[in-house]
Amino acid sequence: MEARTNFLQEMISEDIKKRRFNRSIRTRFPPEPNGYLHIGHAKAICLDFDLANEFDGTCNLRFDDTNPDTEDKAYVEGIINDLKWLGYEPEIICYASDYFDQLYAWAELLINDGLAYVDDQSSAQISEQRGGFGKPGVESPFRTRHSEENLKLFRQMRDGAFPEGHCVLRARIDMQHDNMQLRDPVMYRIRHASHYRTGDHWCIYPTYDWAHGQGDAIEGITHSLCTLEFSDNRDLYSWFLGKLPLSDQAPYQTEFARLELTHTVTSKRKLRDLIDNGVVSGWDDPRLPTLRALKKRGYPASSVRSFCKDIGAARTNSRHAIELLESYVRVKLNSVSQRRMAILKPVKLTITNWPDDENGDPLVEWREVINNPENELDGVRLVPFSGTLYIEEDDFKVNPPPKFFRLTPGAEVRLRSGYFITCNDYVENSSGELQEIYCTYDPDTAGGKAPDNRKVKATLHWVSAEHAVTGAVSLYDRLFTAEIPGEATGDVMDDLNHQSVETLSN
RNA sequence: UCGGGGAUGGUGUAAUUGGUAACACAACUGGUUCUGGUCCAGUCAUUGGGGGUUCGAGUCCUCCUCCCCGAACCA
């Protein structure tokens, strides 16, 4: 795969060339601890970390924990582990809640500068006054409160004098602005809830907009990358930073398109619904696109990383075919996986001319089998071969369709690393189900090679009946039949693939 | 309705920044093969539409069309 440059790399190169920052490149990955990471986050993570690495910078992991109602410590730990599995190590692990004191102090600063005010209206009133697309908003009657009063009220908010919803702190920007984000956005709201890190120390919590850019500035972030839906927040991001006394050049925000994949969902709400409704077994169900699920399914982290690296970044909304991700997994697995033989749906196969050993029992031969045809260094293993074997039900057909190359009555095939066998007979039960297959083997084809160089059309997997170990295997398919789940009816549940898992055991 | 963003094959990303559409996935043909895997070869777009500038336009100008995001005390 060719590594192509994306617009973010060009942008950072340009900043370096123009010496936009007096410090090294610094990025951050800012998840909210209210769910686990999925493949969409993986793209953001790879972008944040790889960009930093590429330009000799660093990347922080910062938990955006400004909403005590929905966040939890368990998610923090889960996310840290998921990130580690993906193969990245943050420069530091930090939390928006680390900055609550600084944020509070800066809020008082804005109040003193007449740039923020306490609004006693309900959220419904504020929402209504915000106006709409093309309709300017109207100013709150509390917008002209004096700084001293605002400061007094804000401190009372902090000290728990008011119930939830009684008032909020708003930035004083412009109720007529075309960008709705700048119509006096809320900076603090009252929540009498305990926070998983700060406990009951605070009863006012900063909003995303008031916390995010400030956290970036505190950490010395240079490039704050996020997804497209935050585009309109960018002006607000810059506005806040422009009003604060910062010693470094302020970071700036750039957006890229989030990763969407066919036949799956990545919204936290939809994932949660699937779990809560018992459609899947949990956050790590192998049919989910969460990192812990991919891990459980056996996806190598490196293939997830190369996938993310190669899809790059752009500002175009798009949806990648899930097959592309799968192809990265296959490429990786094909090169590193040691092969083993297992029979999922067994049918008994007896070799009628197989010899006995000196005790009169069927001879057991230990055949040498290559572990990985892609890598000689993986060596070989010995596998027991005898006169009674299991082969895959699908590998035998009494009445073969055209182009069926495997075992049929009268046909000769190879048992991988074993012998050539020819089917002479088979037995079915009264209901026509296959019971057993009878074959003869050619002793001259040991190891699967014929001395006369005759070809055989198929090579079958097998397992010695006497030595076989039982087990259970789950075969997972995609969770949704539709490319875009829910596109037709609006409900993703309507597009569920009801055969997304098949568990076989014996 | 207003603001912001976007449009290159079946899918997604690229195009030395105005120089003759590349790479991957998918599909289809054929070949190889001790995994119907892998591998190899081949086929598959004149860039949303119109007009313009130019020797030359996916790249510049202009008009149009369509798509996405935004009116939480969510992030």
Side-chain angles (χ1 to χ4, degrees), chain A residues 1-6 10 30-32 34 64-67 69-71 96 119 121-124 126-137 164-170 177-183 185-191 204-209 211-212 226-235 255 257 259-262 268 307 310-328 330-331 333-335 337 339 341 369-370 373-374 394-395 403-406 413-418 420 445 447-450 455-461 483:
Chain A
M1 300 311 108
E2 282 295 313
R4 296 181 298 257
T5 63
N6 58 53
E10 288 177 10
E32 184 188 12
N34 66 349
D64 225 326
D65 55 356
T66 56
N67 186 349
D69 290 341
T70 57
E71 294 150 7
D119 194 331
Q121 300 182 104
S122 69
S123 95
I126 291 176
S127 170
E128 192 172 329
Q129 288 168 2
R130 185 118 43 205
F133 303 144
K135 282 163 290 197
E164 290 188 10
H166 181 267
C167 54
V168 291
L169 183 72
R170 290 227 257 170
H177 203 104
D178 282 335
N179 182 347
M180 304 287 289
Q181 300 294 331
L182 300 200
R183 318 248 262 228
V186 171
M187 295 168 64
Y188 274 100
R189 69 287 211 191
I190 297 170
R191 282 289 175 281
I204 56 172
Y205 290 92
T207 56
Y208 164 84
D209 288 298
H212 201 88
C226 62
T227 44
L228 250 27
E229 65 269 27
F230 290 96
S231 298
D232 288 344
N233 298 57
R234 187 176 57 237
D235 286 343
E255 313 85 30
L259 170 64
E260 301 278 10
L261 285 177
T262 57
K268 279 180 189 168
F307 167 74
D310 287 349
I311 58 173
R315 307 192 100 248
T316 315
N317 289 311
S318 61
R319 187 178 299 267
H320 280 82
I322 189 89
E323 292 89 338
L324 183 62
L325 205 211
E326 290 167 348
S327 89
Y328 279 84
R330 278 200 303 272
V331 165
L333 254 22
N334 188 51
S335 67
S337 300
R339 316 299 149 93
M341 294 193 284
V369 183
I370 291 170
E374 305 290 318
D394 293 345
D395 284 342
K403 297 217 173 176
F404 183 83
F405 303 131
R406 287 163 282 174
V413 300
R414 169 170 40 230
L415 292 176
R416 184 172 168 78
S417 300
F420 281 20
T445 56
K449 269 203 179 69
K455 301 285 186 203
V456 104
K457 281 189 181 150
T459 300
L460 308 187
H461 282 205
E483 278 199 0

Its contact letters, B for base, S for sugar-phosphate only and - for none at protein heavy atoms under 4.0 Å, make nucleotides 2-8 of chain B read BBSSSS-
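Closest to the side chain of A/N67, out of B/A75, B/G37, B/A24, is B/A75. Side chain of A/E10, nearest nucleotide from B/A14, B/A15, B/A75: B/A15. With distances taken from any side-chain atom of A/F405 to the nucleotides B/G36, B/C73, B/G12, the minimum falls on B/G36. Checking B/C73, B/A75, B/U13 against the side-chain heavy atoms of A/R130 singles out B/C73 as nearest. Candidate nucleotides B/G36, B/U13, B/A26 were compared by shortest atom distance to the side chain of A/T459, and B/G36 ranks first. With distances taken from any side-chain atom of A/Q181 to the nucleotides B/U11, B/A72, B/G70, the minimum falls on B/G70. Distance from the side chain of A/S327 is smallest to B/A26 among B/A26, B/U13, B/U38. Side-chain proximity of A/E323 to the nucleotides B/G37, B/C73, B/C25 is greatest for B/C25. In the set B/U38, B/A24, B/A75, B/A75 carries the atom at the smallest distance from any side-chain atom of A/R189.
Closest non-hydrogen pair, A/M187 versus A/R170, comes out as SD-C, 4.0 Å. Nearest heavy-atom pair across A/R414 and A/V456 is N-CG1, 3.6 Å. The two atoms that bring A/D64 and A/E32 nearest to each other are O-CG, 3.5 Å, heavy atoms only. Nearest heavy-atom pair across A/N34 and A/T70 is CB-O, 3.3 Å.
Glycosidic conformation of B/U17: syn, with the torsion inside 90° of 0. B/A41 has its base anti relative to the sugar, with a glycosidic angle deviating from 0 by more than 90°.
Rounded to an integer number of Å, the gap from A/E229 CD to B/A71 P is 11 Å. Atom CE of A/M180 and atom P of B/U1 are 16 Å apart (whole Å). Distance A/N6 CG to B/U17 C1': 16 Å, rounded to the nearest Å. One can place CG of A/D310 at 15 Å from C1' of B/U11, the figure rounded to the nearest angstrom. The distance from atom CD of A/E374 to atom P of B/U33 is 16 Å, rounded to the nearest whole Å. At whole-Å resolution of the value, NE2 in A/H212 and P in B/C74 are 17 Å apart. Taking atom CD on A/E326 and atom P on B/G12, their separation rounds to 17 Å, with Å as the unit. If you take OH of A/Y188 and C1' of B/C74, they are 17 Å apart, rounded to a whole angstrom.
The nearest heavy atom of RNA chain B to A/D209 and to A/S127 marks one nucleotide each, and the one closer to the 5' end goes with A/S127. Mapping A/K449 and A/H320 onto RNA chain B via the closest heavy atom, the residue that lands nearer the 5' end is A/H320.
Counting only distance, with no hydrogens or angles, the side chain of A/R189 and the backbone of A/G165 share no donor-acceptor pair below 3.5 Å.
Among the protein residues, A/A257 comes within range of no part of the nucleic acid, since none of its heavy atoms lies under 4.0 Å from any strand. Contacts of A/F404 with the nucleic acid, taken as non-hydrogen atoms under 4.0 Å apart, include base atoms. Among the heavy atoms of the strands lying under 4.0 Å from A/S123 is at least one base atom, whether or not backbone atoms are also near. Residue contacts shown for A/Q121 include a base, since a base heavy atom lies under 4.0 Å away. A/G312 comes within contact range of no nucleotide atom at all, as no heavy-atom separation falls under 4.0 Å. Across all strands shown, A/Y205 has no heavy atoms under 4.0 Å from either base or sugar-phosphate atoms.
Aromatic ring orientation, A/F230 versus A/Y208: tilted (interplanar angle from 30° to 60°).
Note on A/S122: every side-chain N or O is 4.0 Å or more away from OP1 and OP2 of B/C73. A sub-4.0 Å separation between OP1 or OP2 of B/C74 and a side-chain N or O of A/R191 is present. Regarding contacts with the backbone of B/A75, a side-chain N or O of A/T66 is found under 4.0 angstrom from either OP1 or OP2. Between A/R319 and B/C68 there is no side-chain N or O to OP1 or OP2 distance below 4.0 Å.
Proximity of A/E323 to A/T262: side-chain heavy atoms (C-beta onward) are separated by under 4.5 Å at one or more points. The shortest side-chain heavy-atom distance between A/S123 and A/I126 does not fall under the 4.5 Å cut-off.
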Should A/Q181 and A/N179 be marked as a side chain to side chain donor-acceptor pair (under 3.5 Å) after you check the CA-CA gap, both sets of side-chain angles, and the distance that decides it? CA-CA 5 Å; A/Q181 300 294 331; A/N179 182 347; 5.1 Å; no
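Separation of the P atoms belonging to B/U17 and B/C73 is 48 Å when rounded to the nearest angstrom.
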